[in-house]
There are 2 protein chains.
Amino acid sequence: MLKNDNILLSFGETIHKYRGIAGLSQESLAEKAGLDRTYISSVERGQRNVSLLNICKLANALQLPPSELLVNVGRSA
Amino acid sequence: MLKNDNILLSFGETIHKYRGIAGLSQESLAEKAGLDRTYISSVERGQRNVSLLNICKLANALQLPPSELLVNVGRSA
DNA sequence: TTGTGACTGTTAGTCCGTC
DNA sequence: TGACGGACTAACAGTCACA
């Protein structure tokens, strides 16, 4: 589905944006979040359907409330 | 991890709350979201680590922005 | 109307690399 | 520093019968 891709892409862009603001590399974000370097890469490219727990891990690593990572995500699915 | 359970539980409570406000049964919410009734049940009980796409499906069915479903979710993971 | 355990196919997520 | 691929294991999606 196209809409699904938009959701994942939008989420990936949000991660990319906040990671830039935090001045972190994909690798250091991965380390902070307890995730894999290649996983962060694929999330930012909208290739992964991230789970709630990992959304929270990422929010935590970026020092943001989890809901902040979804504000730019559309309602459609 | 205990914190993880708290996140899932908190998310489940949020779904339960908004479903009540919308006056929907688990079954009718399931139908609106294109998901299974028993899946909704397990989500509300915090037994499922829901994915981003399904969070959006639920938000859509409840006519809420996806971020609204995460406002009560803690930052920890 | 909802809770629950169990099940299978698919994908999340890791680890090894290369470019 | 990040994109991208292959191979692998753990976990989720989705569904069922039964309570």
Side-chain angles (χ1 to χ4, degrees), chain A residues 1-62 66 69-70 73-77, chain B residues 1-62 66 69-70 73-77:
Chain A
M1 263 211 196
L2 183 58
K3 297 242 174 150
N4 287 357
D5 290 346
N6 289 343
I7 290 172
L8 302 185
L9 248 12
S10 165
F11 181 79
E13 283 173 19
T14 303
I15 295 294
H16 183 76
K17 170 185 146 193
Y18 281 118
R19 179 172 66 79
I21 292 174
L24 296 170
S25 66
Q26 288 182 347
E27 187 161 15
S28 50
L29 173 58
E31 190 180 18
K32 273 179 178 282
L35 295 168
D36 196 79
R37 165 181 68 83
T38 64
Y39 183 64
I40 303 291
S41 173
S42 55
V43 167
E44 287 193 359
R45 281 176 287 131
Q47 296 188 337
R48 298 283 182 154
N49 182 16
V50 192
S51 71
L52 176 56
L53 254 23
N54 280 353
I55 290 172
C56 291
K57 283 185 187 175
L58 289 167
N60 200 39
L62 292 169
L69 297 178
L70 297 199
V73 173
R75 244 161 271 82
S76 312
Chain B
M1 261 217 191
L2 184 58
K3 298 244 175 150
N4 287 357
D5 291 345
N6 289 343
I7 290 173
L8 302 185
L9 249 12
S10 165
F11 180 78
E13 283 173 18
T14 303
I15 295 294
H16 183 76
K17 170 187 147 193
Y18 281 117
R19 180 171 65 80
I21 292 175
L24 297 170
S25 66
Q26 287 182 350
E27 188 160 15
S28 49
L29 173 59
E31 191 180 17
K32 274 179 179 285
L35 296 169
D36 195 81
R37 174 188 71 78
T38 63
Y39 184 68
I40 303 291
S41 174
S42 56
V43 167
E44 286 193 0
R45 281 175 291 126
Q47 294 192 337
R48 300 272 184 159
N49 181 16
V50 192
S51 71
L52 176 56
L53 255 22
N54 280 354
I55 290 173
C56 291
K57 283 185 188 176
L58 290 167
N60 200 39
L62 293 169
L69 297 179
L70 296 199
V73 173
R75 243 160 274 82
S76 312

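Just so we're on the same page: letters track the sequence lines, and every chain starts at 1.
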Begin from the C-alpha positions of Ile15(B) and Val50(B) and carry the test side-chain contact (heavy atoms from CB on, under 4.5 Å) through to its verdict. CA-CA 12 Å; Ile15(B) 295 294; Val50(B) 192; over 6 Å; no

Smallest heavy-atom separation, Tyr18(A) atom then Leu69(A) atom, equals CD1-CD2, 4.1 Å

Where Pro66(A) and Ile55(A) come nearest, the two heavy atoms and their spacing: O-CG2, 4.4 Å

Between Val73(A) and Cys56(B) the two heavy atoms that sit nearest each other are CG1-SG, 3.6 Å

Starting from C1' on dG13(C), measure out to CD1 on Ile55(A) and report it in whole angstrom. 14 Å

Choosing from dG3(C), dC4(D), dG14(D), which nucleotide comes nearest the side chain of Ser41(A)? dC4(D)

Is any side-chain nitrogen or oxygen of Arg45(B) closer than 4.0 Å to OP1 or OP2 of dG5(C)? no

Given dT4(C), dG13(C), dT15(D), which nucleotide is nearest the side-chain atoms of Arg48(B)? dT15(D)

Identify whether any heavy atom of Gly34(B) sits under 4.0 Å from a base atom; if not, whether one sits that close to sugar-phosphate; answer base, sugar-phosphate or nothing. nothing

Do Asn49(B) side-chain atoms and Ser51(A) backbone N/O form a donor-acceptor pair below 3.5 Å? no

Listing time: all N or O pairs from protein to nucleotides 15-19 of chain C that are below 3.5 Å?
residue: dC15(C); atom: N4; partner: Thr38(A); partner atom: OG1; Å: 3.3
residue: dG17(C); atom: O6; partner: Arg37(A); partner atom: NH2; Å: 3.2

Grab the CG-P distance between Leu58(B) and dA13(D) for me, whole Å please. 10 Å

Sorted by chain and residue number, the salt bridge (charged side-chain N to carboxylate O under 4.0 Å, His left out) partners of Arg19(A) (sequence neighbours excluded) come out as Glu44(A)

Ala33(B) and Lys57(B) have their tightest heavy-atom pair at O-CD, 3.5 Å

If you look at every strand shown and take non-hydrogen atoms under 4.0 Å, does Leu35(A) touch a base, only sugar-phosphate, or nothing? sugar-phosphate

Round to a whole Å and report the spacing from CG of Leu24(A) to P of dT1(D). 11 Å

Protein-nucleotide distance (Leu53(A), atom CG; dA10(D), atom P), rounded to Å: 18 Å

Rounded distance in Å - CD1 (Ile40(B)) to C1' (dC16(D)): 16 Å

Taking the nucleotide of DNA chain C with the closest heavy atom to each, which residue, Ser42(B) or Asn49(B), is nearer the 5' end? Ser42(B)

Between Lys57(A) (NZ) and dA12(C) (P), how many Å, whole number? 15 Å

At less than 4.0 Å, is any side-chain N or O atom of Asn54(A) found next to OP1 or OP2 of dA12(C)? Yes or no. no

Taking only the side-chain heavy atoms of Val50(A) (C-beta and beyond), determine which of dT1(C), dG13(C), dC4(D) contains the nearest atom. dG13(C)

Please assess Arg45(A) against Ser41(A) for the test side-chain contact (heavy atoms from CB on, under 4.5 Å), listing each intermediate value before the final yes or no. CA-CA 6 Å; Arg45(A) 281 176 287 131; Ser41(A) 173; 2.9 Å; yes

Under 4.0 Å between a side-chain N/O of Tyr39(B) and OP1 or OP2 of dG14(D), yes or no? no

Strand partner of dT1(D), provided both Watson-Crick or wobble distances fall under 3.5 Å: none

What is the distance, rounded to the nearest whole Å, between atom CD of Gln26(A) and atom P of dT14(C)? 14 Å

Using a cut-off of strictly less than 4.0 Å, decide whether Ser51(B) has a side-chain nitrogen or oxygen near OP1 or OP2 of dT11(C). no

Using whole Å, what does the distance between atom P of nucleotide dT1(D) and atom CD of Glu31(A) come to? 12 Å

